[in-house]
Protein chains: 2
Amino acid sequence: MSYAELLDTMGQVNDLLNAESILKWDARTMMPSGGTETRGKQIATLAVFARDLLVADQTRRLLDGAERETAGAGEDSVERTIVAQVREAVDYHLAIPADLQRRRAELGTIGQRIWAEARARSDFQLFLPVLEETVEINRAMAEAIGYSEHPYDALMHRFEPGETVSTLRPLYARLREVLVPLVSAIARVEPPRFDFLERHYPVEKQHAFALKLAESVGYDLGRGRLDETVHPFEVSFTRNDVRITTRFYPDYMPASLFGALHEAGHGLYEQGVDEAYTRTPLATDLVGLYAVGGVSFGAHESQSRLWENHVGRSRPFWQRHFPQAQATYPEQLGDVSAEEFYRAVNRCRPGLIRVEADELTYDLHIMLRTEIEAALIDGSLKPRDLPEAWNAAVKRDLGLDVPSDRLGCLQDVHWSSGQIGTFCNYTIGNVMAGQLFEAAQADGEVAAGLERADYEPLRRFMGEHVHRHGRRYGRDELLRRATGRALDPEPYLRHLSAKYRELYALGDAA
Amino acid sequence: MSYAELLDTMGQVNDLLNAESILKWDARTMMPSGGTETRGKQIATLAVFARDLLVADQTRRLLDGAERETAGAGEDSVERTIVAQVREAVDYHLAIPADLQRRRAELGTIGQRIWAEARARSDFQLFLPVLEETVEINRAMAEAIGYSEHPYDALMHRFEPGETVSTLRPLYARLREVLVPLVSAIARVEPPRFDFLERHYPVEKQHAFALKLAESVGYDLGRGRLDETVHPFEVSFTRNDVRITTRFYPDYMPASLFGALHEAGHGLYEQGVDEAYTRTPLATDLVGLYAVGGVSFGAHESQSRLWENHVGRSRPFWQRHFPQAQATYPEQLGDVSAEEFYRAVNRCRPGLIRVEADELTYDLHIMLRTEIEAALIDGSLKPRDLPEAWNAAVKRDLGLDVPSDRLGCLQDVHWSSGQIGTFCNYTIGNVMAGQLFEAAQADGEVAAGLERADYEPLRRFMGEHVHRHGRRYGRDELLRRATGRALDPEPYLRHLSAKYRELYALGDAA
């Protein structure tokens with residue numbers, strides 16, 4: 001009885017969070033500019049109502065009752081899992097003082113405006129007070145949430161439960177060990193031809209072609225749609241309405257293409273969550289207060305990177321799809337071969353900007369950010385010393401000098417809105433994608449499918465081992481069930497080494 | 001203190017209702033078909049939360065306090081008005097038993113499906129149980145809400161506060177006295193040429209032209225947008241985000257044009273509400289639980305009909321804009337004069353379908369529906385006898401035989417979703433539009449502006465006398481302030497008689 005009522009209440013929490021997501025999607029895709037201020041208030045009200053309903057006295061009474069009711073069920077049962085997740089989320093939110101929440105919400109509004117100006121003017125001193133406030137609020141939140149070893153662990157928990165500074169350290173060391181020399185070797189080699197990617201590509205054609213590829217990997221338009229935004233994203237309002245966006249540059253075609261494939265990968269995850277989990281905590285992030293079916297931000301990123309990179313940037317993919325691209329763009333690609341196209345979309349080059357980074361250098365951008373965040377939170381790095389630390393890390397890992405803070409530590413939006421703890425997800429996602437893709441390819445049907453551009457066996461493998469489970473299992477449990485072991489960087493590193501050594505004719509691994 | 005907190009709470013009610021409106025707009029314009037079921041749940045949750053917040057114990061404590069705090073303010077002050085409106089809404093919602101609300105909500109889902117099938121098959125017997133349930137629920141609601149004279153008054157209150165069966169009776173009698181003979185006289189005259197309206201008009205051109213006309217009357221695209229839907233509508237999410245839709249028929253151009261002008265008229269009302277009223281009860285219908293700035297459905301309709309008919313179907317309008325139409329559609333309108341176009345878009349012809357009715361016959365459709373609804377509610381008409389009563393009224397007022405219930409009493413969606421009491425708004429809106437337009441034209445600047453297709457003086461007049469007040473004054477008080485008297489059909493009838501007698505060369509009024 002209590003359990004059933006608790007599920008009803010969690011259904012309402014899910015409804016409110018989905019409504020919030022719809023308002024945010026609309027704000028980024030459809031809303032006239034005049035709506036900004038009142039839309040912000042509407043979103044804030046929905047967030048407050050969702051949180052308040054989750055921790056309400058009545059909800060907690062139902063939770064107590066549900067714990068008693070389900071005590072007899074197996075520890076691993078859906079019922080016990082749901083009840084435990086609600087308990088964890090209630091405790092989490094009650095631990096954070098209202099005052100801290102308020103300060104963080106206020107910072108979000110002001111901080112982004114100041115950051116935008118500071119970045120435009122490359123003026124770190126202008127941004128420094130915002131950064132100091134962000135760090136202070138997040139340190140206080142870490143203390144409130146609690147942790148065993150490192151305060152940064154408490155902040156990562158919301159995005160990547162279970163990940164800690166001490167689990168990341170050996171992972172990052174191993175990644176750097178392979179990536180840094182590989183990137184540096186490639187930087188000394190002549191890059192492939194890529195002029196044809198910068199020809200004029202009409203936006204309407206790009207839209208149709210991006211949509212066609214998204215559909216070809218299994219993204220269901222009966223439960224989705226593709227729109228244009230400055231920054232591509234995916235968002236779901238239950239598995240039955242999962243939307244993606246991409247960006248269109250008339251003179252740089254890969255942006256729309258790989259943006260759409262990346263977001264379609266996220267979309268497949270959400271569209272594939274077990275229908276029975278709809279509106280339950282197994283399709284709601286109650287800690288992050290976000291209506292999402294994926295189990296962690298890293299797990300989500302594994303699906304986007306898998307379809308973007310392991311599939312979409314593979315040679316078989318372009319052997320199959322380049323003729324379609326050529327037919328769509330006869331003038332732009334008439335003098336290009338499939339092999340040239342494949343090499344161009346895999347061009348590797350160390351750069352200063354994270355969001356423009358290629359498959360091979362992306363993790364180097366991520367790792368330095370995670371480490372800087374951890375150091376800001378444990379106090380070993382003072383906010384005022386950020387530019388120096390940033391520039392040193394970029395020099396060390398990417399071999400580049402940072403000419404201005406605009407192209408350095410002011411480039412990302414995250415810190416301006418009070419968010420600390422989320423960067424590691426991108427690298428976790430890459431590592432997981434490598435691990436899952438290797439496991440999937442051991443299935444003969446998947447491998448054979450990929451060779452003939454039939455993505456259904458791979459999508460079915462991911463559906464079976466990842467998507468359908470929603471938030472039923474933790475990330476490492478999910479990985480163990482799918483691949484036989486927890487997070488392991490070796491498959492990913494094998495993939496990168498083999499691919500880029502062949503592409504740049506570097507010979508066998510050093 | 002209590003008053004300020006009450007305003008905060010009402011701001012949240014407004015946020016929730018606006019969020020509900022956004023979800024509904026999205027469902028009609030953007031949502032993939034798969035989202036229907038879960039979207040319905042999200043909308044239902046928002047509606048429940050808005051209603052529950054309005055009548056919550058804490059809200060009522062604030063209301064009690066606010067009444068004491070504002071007792072010293074003038075009776076007509078904004079503060080007293082707001083407090084009185086909240087009190088009225090709280091009492092209204094508490095009077096309706098939860099069971100009745102639940103039955104009505106359930107009926108909405110099933111009823112529409114059954115109605116759609118019944119209409120397709122023209123099978124009244126299939127729809128009869130839904131109609132009986134609708135009537136029974138609405139009779140019970142009328143008893144719960146309360147009334148002085150007629151139970152139907154209680155149902156109209158939500159849409160047109162203050163309107164009653166006994167105020168409608170003389171109004172309708174007067175309208176019929178003029179309209180019925182006029183329509184019947186016109187039916188005997190040769191209709192104007194209109195073949196060119198049914199040529200092929202590309203949808204993209206229609207979209208651009210409709211948008212241009214909407215902007216020309218003052219609709220602000222910085223706080224709005226135009227989309228396509230099967231049934232045109234306007235919806236606002238505060239005055240800063242007011243959206244309109246229209247429909248596009250490739251072979252019937254007036255639909256998109258007058259649809260856009262009509263909805264732009266609604267849009268001007270919402271965009272023009274005093275900014276200080278944003279998120280307050282003066283821009284929230286707390287009785288209807290709908291985030292709207294207009295004071296009644298009839299008042300809203302007055303603005304849409306004013307711009308659609310008094311402006312958009314006037315001779316000066318097409319003298320000015322026909323050259324633009326001709327330049328947009330040189331092939332379709334090359335052999336047509338401005339005068340022919342003006343006459344074609346004012347073609348009058350009694351028909352069976354309300355939504356296709358012209359300016360002159362529209363009220364005849366409305367009045368018979370209102371009277372049938374009132375009779376169903378007071379029990380003088382049994383649901384099973386509806387077709388007979390309907391067909392008799394159509395014969396009497398429009399001179400037509402109804403060949404099937406599909407083209408008769410099954411044509412409207414309203415009753416299938418449990419809604420009774422809203423039809424009179426359309427006619428009230430027409431009458432108000434006539435009255436307000438006549439008052440506006442007494443202003444020399446307005447009249448001069450219209451002659452040179454400058455709509456700014458008229459928009460300013462409506463902004464000053466109608467839009468900015470939001471829900472500050474009741475409809476008749478608003479009319480008295482704007483025109484010197486309460487609702488009066490004579491200006492509207494003068495407008496119709498003069499226009500149609502001239503168009504159809506009928507000579508002076510009988």
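First the proteins, then the strands, lettered A, B, ... as listed; each starts at 1. Every heavy atom of this structure was used, including side-chain atoms; hydrogens, water molecules and symmetry mates were not.
You'll find the side chain of A:Thr38 stays beyond 4.5 Å of the side chain of B:Arg239, heavy atoms only. For the pair B:Gln42 and A:Ile22, the minimum side-chain heavy-atom distance is below 4.5 Å.
Taking A:Glu20, A:Lys41, A:Arg223 one by one and counting their heavy-atom pairs under 4.5 Å with chain B, the maximum is reached by A:Lys41. Top candidate by heavy-atom pairs under 4.5 Å with chain B, chosen from A:Thr29, A:Leu221, A:Asn240, is A:Asn240.
The shortest heavy-atom contact between A:Leu46 and B:Ala19 is CD1-CB, 4.0 Å. The two residues A:Met31 and B:Asp241 come nearest to each other via the heavy atoms CG-OD2, 3.4 Å. Of all the heavy atoms in A:Met30 and B:Arg225, the pair that sits closest is O-NH1, 2.8 Å. Closest approach of A:Pro32 and B:Gly222 over heavy atoms only: CB-O, 3.5 Å.
Salt bridge A:Asp15/B:Arg39: absent, no basic N to carboxylate O contact under 4.0 Å.
Residue contact with chain B, scored on non-hydrogen atoms closer than 4.5 Å, is absent for A:Ile43.
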Exercise. Stepwise, does the side-chain contact (heavy atoms from CB on, under 4.5 Å) test hold for A:Leu16 with B:Phe49?
Worked result: CA-CA 10 Å; A:Leu16 292 169; B:Phe49 270 74; 4.1 Å; yes
For this session: List the steps, then state whether side-chain contact (heavy atoms from CB on, under 4.5 Å) holds for A:Leu23 with B:Phe237.
Result: CA-CA 11 Å; A:Leu23 266 58; B:Phe237 321 129; over 6 Å; no
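Near-neighbour residues of residues 270-282 of chain A relative to chain B, defined by a heavy atom under 4.5 Å from a heavy atom of that chain, comprise A:Thr278, A:Arg279.
Counting non-hydrogen atoms of neighbouring residues, nucleotides and ligands closer than 6.0 angstrom, the CD atom of A:Glu37 reaches no more than 12 such neighbours.
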